[in-house]
J.: 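Questions regarding the structure given below will be posed in turn.
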Amino acid sequence: MNARKIFIYGIICFITVSAQVFAAQAENTTRRFGIFIGSNNGGRERVTLRYAVTDARSMSNVFTEMGGIAYTDSILLVEPTVREINRRIDAMHEQVLRARGTNRRTEIVFYYSGHSDEDGLLLNREKYTYRDLRERINNIPSDMRIVILDSCASGAFTRLKGGERTLPFLMDSSFTAEGYAFLTSSSANEASQESDRIGASFFTHSLVAGLRGAADSVGDGRVTLNELYRFAYAETIARTETSLFGTQHPSYDIQISGTGDLVLTDVSQTSAGIAFDENLTGRISIRNSRDHLIVELTKMVRPLELGLEPGLYHVTLQQGNDLLRAEVTLAEGRRVMVTRDNFTSIRAEPTRRRGDNDDDDTVSKPGNNLYTFFFNIVNEPFYFPVIGFVNWGVGNHKTLHAGFVNTNTGDFNGMQAGFVNTTAGLVSGGQAGFINTAANGLFGVQGGFINTTRNDLFGCQAGFVNTVSGETQGTQVGFVNSTAGKLEGAQVGYINVAGRGVRRGIQFGFINYADSYNEGVPIGFISIVRKDGFRAVEYGFSEFFTYNFSFKTGVEKFYTSFITSFNQFEYDDLSGYNAGFGFGIGSMHRINKVFFINSEMSILSLNEWKDFNTHTVYNALQFVLYMGLNFGGLNILAGPSVTWLYAMNWLEKEDVRFPTPKYRIYMHDIDDHNRMVVGARIAVRLRF
């Protein structure tokens with residue numbers, strides 16, 4: 001069978017299967033979109049928050065893990081402007097319009113954590129009025145609109161149309177509800193509070209715990225809107241009634257037509273989970289391996305399961321005066337039954353009111369300062385440059401530390417320049433030195449030989465070795481770049497590692513590793529993606545070689561191939577073997593679950609073996625455009641190819657005998673040392 005017949009037969013197969021596939025009706029589903037905003041900066045006159053961005057990230061994570069929002073439909077905004085928020089809302093408006101044609105329902109989630117007053121959200125020096133925000137959200141033609149505001153005086157947002165704090169709303173279990181739900185962290189004249197002990201605001205911390213399964217009051221593994229509000233309302237009041245700033249009352253405004261209670265999260269969608277014995281009771285808390293408090297709740301006599309990510313967790317249970325402890329290791333796809341855990345007692349907690357000043361009992365008072373040319377100990381507050389051989393800041397500081405060794409025990413807002421720079425809290429600004437460490441996160445730039453951020457990074461690290469123990473939103477540039485959490489941005493270096501995957505971004509390096517990719521591509525010689533990555537072995541038949549073998553790794557949008565090819569040749573009375581070795585890149589684009597288009601480009605160095613001697617005679621630059629059929633892990637591909645052969649020894653004017661492909665559609669000799677061939681290829685690919 002010649003190449004033309006093979007190619008025509010492949011096209012007939014594709015057309016036959018296409019007719020069957022496109023005859024099927026499109027699946028009607030619910031599509032949910034989300035915008036999650038965190039803004040620590042409320043302007044010069046307001047204290048900088050610590051956990052607004054962390055809260056937004058936590059809400060984004062829980063909705064993408066188990067709340068039905070795809071990573072591509074979830075937007076996380078850090079310190080945005082009003083214009084940027086409006087741009088994202090308008091883009092969501094257009095997405096909803098497009099989705100209505102193919103989806104049965106559309107739903108949106110809008111979340112904000114940060115500063116506000118009785119009139120609107122406070123974003124640095126800008127104000128986004130509640131009226132404008134509400135009008136823009138209401139204009140989105142979605143079946144359900146869920147708005148959650150965690151900020152001071154946010155209850156004024158619900159008051160615009162008569163919303164008030166009443167008993168939680170009740171609805172039946174069907175799914176025909178349409179309208180909106182506005183939830184706020186406090187009433188119109190209350191402060192919203194955040195806590196250093198839980199590393200979050202009380203309201204959002206309760207929401208996240210509830211969404212992970214703590215609010216599931218009936219034990220069906222799903223958390224509804226009604227269950228979530230009741231849980232968050234009760235938990236927020238319980239946690240703040242003994243705080244220094246008084247009880248905080250969440251509010252809501254609900255306008256829903258039809259019937260049904262909206263399911264927000266499904267515990268079964270997570271990759272791991274903890275199930276508690278039905279008869280186990282007490283106050284439970286769960287911390288991860290980084291000692292971050294994940295969930296708190298009071299366990300009653302009922303089934304309870306929480307959806308969590310794989311990892312090590314410390315579980316504590318308080319039963320009266322008894323405290324019990326346990327460690328639980330969750331593996332992928334595993335649910336662990338827990339019988340005894342542990343929690344700490346409820347007590348007055350050091351908190352800050354969102355938008356309040358630092359002159360309260362929760363802020364360290366100035367101590368005795370020591371100033372010398374070589375050694376400086378500076379207590380809080382101090383907002384002027386400190387220059388010396390060793391600078392030691394106790395508490396929170398601003399502006400500049402310049403010296404050989406700079407250390408700050410609290411947060412630092414400004415620049416530390418020295419051989420070694422360390423900050424125990426949060427860095428907002430920059431660190432420039434040989435070794436830079438930010439223990440509680442970085443908003444800014446680290447420039448040095450070794451840069452380390454123990455929590456989240458929002459900015460840039462530039463150095464030989466860059467490491468982030470939390471999540472990265474920004475850029476890492478260095479020889480080795482490592483992010484233990486998720487990456488949203490770029491890694492550029494020889495070795496790049498994103499331990500929990502890439503949410504949106506790019507890895508550019510010789511070796512790239514990521515746990516998963518949601519949006520973006522790795523570009524490198526070797527790219528490994530553990531979850532849902534592209535890994536395959538392939539056998540193909542081409543116009544030049546009978547046997548083509550390749551190994552492919554990366555993601556579908558961009559992968560690399562390592563290729564070896566082989567066949568026997570005959571020239572008059574001579575015979576031997578042709579072998580090719582090379583490297584390629586490719587991109588696969590799905591049309592639907594069965595069909596896909598696959599383009600590949602590769603370069604091969606082609607060699608002749610005869611009489612146990614070998615020499616390289618020419619190179620081949622190849623491009624092929626496949627149409628493919630997907631049968632699970634098995635792919636069948638066919639399509640045309642274009643190959644440019646060019647001689648390696650053309651400068652020496654030696655005669656070159658290009659192979660004449662047996663199966664070809666078109667061939668043209670450009671000159672004695674260049675040949676263009678158009679052919680057809682068939683391949684079978686096994687993905688794993």
Side-chain angles (χ1 to χ4, degrees), residues 3-4 6-33 68-74 91 94-106 502 504 506 516-523 527 529 531-542 548 550 552-561 584-602 622-642 665 678-688:
R4 290 186 179 88
I6 294 173
F7 187 68
I8 293 172
Y9 180 75
I11 295 298
I12 293 174
C13 291
F14 279 117
I15 294 174
T16 302
V17 177
S18 295
Q20 297 174 353
V21 172
F22 289 113
Q25 294 182 350
E27 182 182 6
N28 286 326
T29 59
T30 297
R31 187 171 177 184
R32 186 174 284 174
F33 302 89
I69 299 181
Y71 282 103
T72 54
D73 292 334
S74 176
E94 296 300 319
Q95 285 181 301
V96 169
L97 286 175
R98 291 193 297 268
R100 294 181 69 183
T102 56
N103 296 92
R104 181 171 56 89
R105 283 176 58 87
T106 58
V502 178
R504 296 181 184 88
I506 185 173
S516 60
Y517 255 88
N518 304 111
E519 185 176 336
V521 293
I523 300 175
S527 296
V529 181
K531 296 179 183 177
D532 301 323
F534 184 86
R535 290 180 297 276
V537 291
E538 181 179 292
Y539 166 75
F541 176 86
S542 71
N548 294 275
S550 63
K552 306 174 187 297
T553 180
V555 295
E556 290 186 351
K557 291 182 180 179
F558 185 89
Y559 61 84
T560 56
S561 300
I585 58 175
S587 182
M588 175 179 171
H589 300 274
R590 293 179 181 268
I591 300 175
N592 50 46
K593 292 183 178 180
V594 177
F595 277 99
F596 63 89
I597 299 174
N598 202 154
S599 58
E600 290 189 347
M601 179 176 290
S602 60
Q622 303 174 325
F623 175 80
V624 58
L625 181 63
Y626 287 119
M627 285 291 293
L629 289 172
N630 178 42
F631 302 100
L634 178 67
N635 296 163
I636 299 175
L637 307 95
S641 67
V642 177
I665 298 174
V678 178
R681 303 194 179 187
I682 298 176
V684 177
R685 178 183 297 165
L686 182 63
R687 299 184 58 171
F688 58 92

J.: Check whether more than 12 heavy atoms from other residues, nucleotides or ligands sit under 6.0 Å from atom CZ of Arg535, and answer yes or no.
T.: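 Yes - once you tally the heavy atoms of other residues, nucleotides and ligands closer than 6.0 Å, there are more than 12.
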J.: Under 4.5 Å between any side-chain heavy atoms of Glu556 and Arg687, yes or no?
T.: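 Yes; the side chains approach each other to less than 4.5 Å.
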J.: Where the side chain of Arg685 meets the backbone of Gly540, is there a donor-acceptor pair that is under 3.5 Å apart?
T.: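 Looks like no, no N/O pair under 3.5 Å.
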J.: Do Ile585 and Phe558 come close enough that some side-chain heavy atom pair is under 4.5 Å?
T.: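 In short, these two side chains touch, coming nearer than 4.5 Å.
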J.: Any chance you could lay out the side-chain contact (heavy atoms from CB on, under 4.5 Å) test for Tyr71 and Glu519, step after step, and finish with the verdict?
T.: CA-CA 7 Å; Tyr71 282 103; Glu519 185 176 336; over 6 Å; no
J.: Does any N or O in the side chain of Asn598 come within less than 3.5 Å of the main-chain N or O of Ser587, such that one atom is a donor and the other an acceptor?
T.: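 The answer is yes, because a donor-acceptor pair under 3.5 Å joins these two groups.
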J.: Any side-chain to backbone donor/acceptor pair from Ser641 onto Phe623? Under 3.5 Å, distance only.
T.: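 No; zero donor-acceptor contacts below 3.5 Å.
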J.: If you look at every heavy atom in Asn630 and Lys593, which pair is closest and at what distance?
T.: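 Minimum heavy-atom separation between Asn630 and Lys593: ND2-O, 3.2 Å.
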J.: Determine whether Ile597 and Met627 satisfy the following criterion, side-chain contact (heavy atoms from CB on, under 4.5 Å), listing intermediate values before the conclusion.
T.: CA-CA 5 Å; Ile597 299 174; Met627 285 291 293; 3.7 Å; yes
J.: Considering only NZ, NE, NH1 and NH2 on the basic side and carboxylate oxygens on the acidic side, decide whether Arg681 and Glu600 come within less than 4.0 Å.
T.: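 Answer for the salt bridge query: no.
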J.: Would you indicate whether the side-chain heavy atoms of Tyr559 and Ser527 approach each other to under 4.5 Å?
T.: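 When only atoms from C-beta onward are counted, Tyr559 and Ser527 do not touch, as no gap falls below 4.5 Å.
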J.: Please give me the minimum heavy-atom distance between Ser516 and Val529, naming the atom from each residue.
T.: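 For Ser516 versus Val529, the nearest heavy atoms are CA-CG1, 3.7 Å.
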J.: Measure the CD1-CD1 distance between Ile636 and Ile682 for me, rounded to the nearest 0.5 Å.
T.: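 Answer rounded to 0.5 Å: 10.0 Å.
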J.: May I ask you to test the Thr72-Gln95 pair for a side-chain heavy-atom distance under 4.5 Å?
T.: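 Side-chain contact under 4.5 Å: no.
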J.: Check Leu625 against Ser599 and note the closest heavy-atom contact, atom names and distance.
T.: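 Heavy-atom minimum between the residues: CD1-CB, 4.1 Å.
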J.: With rounding to the nearest 0.5 angstrom, report the OG1 to CZ distance, Thr106 to Arg31.
T.: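 Output value for this atom pair is 9.5 Å.
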J.: Can you tell me how far apart NZ (Lys531) and CG (Asn518) are? Round to the nearest 0.5 Å.
T.: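 Going from the NZ atom of Lys531 to the CG atom of Asn518 covers 10.0 Å.
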J.: Return the NZ to NE2 distance between Lys557 and His589, rounded to the nearest 0.5 Å.
T.: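 Between Lys557 NZ and His589 NE2, I get 8.5 Å after rounding to 0.5 Å.
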J.: Of all the heavy-atom pairs spanning Lys552 and Ser561, show the shortest one and how long it is.
T.: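 Taking Lys552 first and Ser561 second, the nearest heavy atoms are NZ-OG, 3.1 Å.
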J.: Just by distance, with hydrogens left out, do Gln622 and Ser602 show a side-chain donor and acceptor under 3.5 Å apart?
T.: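 A donor-acceptor contact under 3.5 Å links the two side chains.
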J.: Do Asn548 and Phe541 make a side-chain contact, defined as non-hydrogen atoms from C-beta onward lying under 4.5 Å apart?
T.: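 They are not in side-chain contact.
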J.: Just wondering, do Leu637 and Phe596 contact through their side chains at under 4.5 Å, heavy atoms?
T.: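 Touching, per the 4.5 Å side-chain cut-off.
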J.: Restricting to non-hydrogen atoms, name the atom on Gly679 and the atom on Ile665 that form the minimum distance, rounded to 0.1 Å.
T.: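 So the minimum-distance heavy-atom pair works out to O-CD1, 3.9 Å.
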